[in-house]
Amino acid sequence: MATTEPEQREWKRPTAFYNHYVKWAVYLVIAVFLLWSAWNMRISLDRMLQGWDSAVGLVTSMFPPEFTPFKMNLLIEGMTESIAMSIIATIIGVIISIPVAFMAAENIAPRPVYWVGRGIITVSRAFHELIIAIIVVKAVGIGALAGVIALSYKTVGFWAKLLAEDIEDIDTGQKEAVKATGASQNQTLLFGVVPQVLPRAIGLTIYRWDINIRHSTIVGIVGAGGIGSTLLNSFDQYDYDFFLTIILAIILVVMIGELVSTYIRGRIQ
């Protein structure tokens, strides 16, 4: 018997936009909101011109970049610390995120456990890592430990949320087949759920590590270790040529991390 391809559904405009009054009302609201936002920022032409002159002077003072042995040692130490922070924070964050992700999956967790898991994810996602880094620096002091804690905290909200959504999208038939053999709840999760989400979990881990490399250069600005501290010190000391050297090094490391993570995710998935 010949098979026919399913008919493609034709896109249709949302019903609300058939009404011209509703459509133009939406456009008007958007235009008013944009104008109000621009007016509320109080950006004057004089201020823009002054800022442009300052920016040109700043960029000019950055060239050429500084590559003296002493400054390069500072650069290598700070960048090495940032990379180490990203690796440790990713490992710790993923270990904490695994049970949270299973708790936050609606199709496998009891309702009270589900809400606890979702609450943990929400709290972790509610604050920027810089805010967490400031709090942790006050608690444990300046250094890489504060950065690791801040990045680990943010990893939980990101990694657990995405994995929980993948768990909710698994093939329930495979899970039920394992359960029908008389397997316990833990065995059902281990053999019916984990194999389906394992490649995605590995991909998310690599992706989060890539993010943590970038964020590790930011949290150092508030004293949480890494190259960010070196970056801030160079700027405070008006050492703009070394500042540019650090910026170029950060871009290089982020690009390498992006290429590595893309390659590994492609091989896994």
Side-chain angles (χ1 to χ4, degrees), residues 65-66 70-101 120-163 201-237 239-240 242-262 264-265:
E66 183 177 359
F70 175 72
K71 294 298 179 65
M72 292 305 295
N73 287 335
L74 294 178
L75 175 64
I76 293 173
E77 290 177 4
M79 192 61 71
T80 302
E81 189 173 64
S82 287
I83 296 174
M85 285 166 50
S86 68
I87 295 173
I88 297 174
T90 302
I91 294 173
I92 295 175
V94 168
I95 291 175
I96 298 174
S97 299
I98 291 174
V100 176
I120 294 173
I121 292 175
T122 301
V123 172
S124 177
R125 289 170 56 83
F127 302 99
H128 194 275
E129 57 266 12
L130 277 180
I131 298 176
I132 302 302
I134 293 172
I135 296 173
V136 177
V137 165
K138 291 295 184 181
V140 303
I142 295 174
L145 176 60
V148 170
I149 295 174
L151 295 175
S152 300
Y153 178 90
K154 289 300 296 182
T155 298
V156 174
F158 174 90
W159 200 92
K161 175 180 172 58
L162 294 182
L163 186 65
I202 297 174
L204 285 176
T205 302
I206 301 298
Y207 184 43
R208 185 63 208 185
W209 168 71
D210 176 47
I211 294 175
N212 282 342
I213 287 180
R214 285 175 276 158
H215 289 185
S216 65
T217 64
I218 298 174
V219 295
I221 294 177
V222 295
I227 193 63
S229 299
T230 309
L231 182 71
L232 182 62
N233 290 335
S234 67
F235 199 83
D236 289 341
Q237 297 171 6
D239 196 359
Y240 297 134
F242 183 49
F243 177 84
L244 178 60
T245 304
I246 297 173
I247 294 295
L248 295 175
I250 291 174
I251 294 174
L252 178 62
V253 170
V254 170
M255 289 178 61
I256 293 174
E258 180 70 23
L259 292 174
V260 171
S261 63
T262 301
I264 295 177
R265 290 201 307 270

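- Shown here are the ring pair (Phe, Tyr, Trp, His ring centres under 6.0 Å) partners of Phe127, two or more places apart in sequence or in another chain: there are none.
- The two residues Ser86 and Ile213 have their closest heavy-atom pair at OG-CG1, 3.4 Å.
- The distance from atom CG of Leu231 to atom CG of Leu75, rounded to the nearest 0.5 Å, is 10.5 Å.
- Heavy atoms only, all atoms of each residue included: Ala160 and Val100 are closest at CB-CG1, 3.9 Å.
- Across all their heavy atoms, Ala201 and Leu163 have their closest contact at CB-CD1, 4.0 Å.
- A donor-acceptor pair under 3.5 Å is formed between the side chain of Ser82 and the backbone N or O of Ile227.
- Put simply, CZ on Phe158 and OG on Ser97 are 10.0 Å apart, with the number rounded to the nearest 0.5 Å.
- A donor-acceptor distance shorter than 3.5 angstrom exists from the side chain of Thr245 to the backbone of Glu66, with no hydrogens or angles considered.
- Once rounded to the nearest 0.5 Å, the distance linking CG of Leu204 with NZ of Lys161 reads 12.5 Å.
- When side chains are defined from C-beta on, Trp209 counts as touching Val260, because their heavy atoms get closer than 4.5 Å.
- Around atom CD1 of Ile221, more than 12 heavy atoms belonging to other residues, nucleotides or ligands sit under 6.0 Å away.
- Side-chain atoms of Leu162 and Arg208, non-hydrogen and from C-beta on, never get closer than 4.5 Å to each other.
- Taken from CD in Gln237 to CG in Leu232, the straight-line distance is 9.5 Å, to the nearest 0.5 Å.
- The OG atom of Ser234 sits 8.0 Å away from atom CG of Asp236, with the distance rounded to the nearest 0.5 Å.
- Within the 3.5 Å criterion, the main-chain N or O of Tyr153 finds a donor-acceptor partner in the side chain of Ser124.
- How far CE of Met85 is from OG1 of Thr80: 12.5 Å, rounded to the nearest 0.5 Å.
- Closest heavy-atom contact between Val148 and Ala89: O-CB, 3.8 Å.
- Residues passing the side chain to side chain donor-acceptor pair (under 3.5 Å) test with Thr230, sequence neighbours excluded: none.
- In terms of heavy-atom proximity, Val156 sits nearest to Gly93 at CG2-O, 3.9 Å.
- Contact detail for Ala144 and Glu81: the closest heavy-atom pair is CB-OE2, 3.7 Å.
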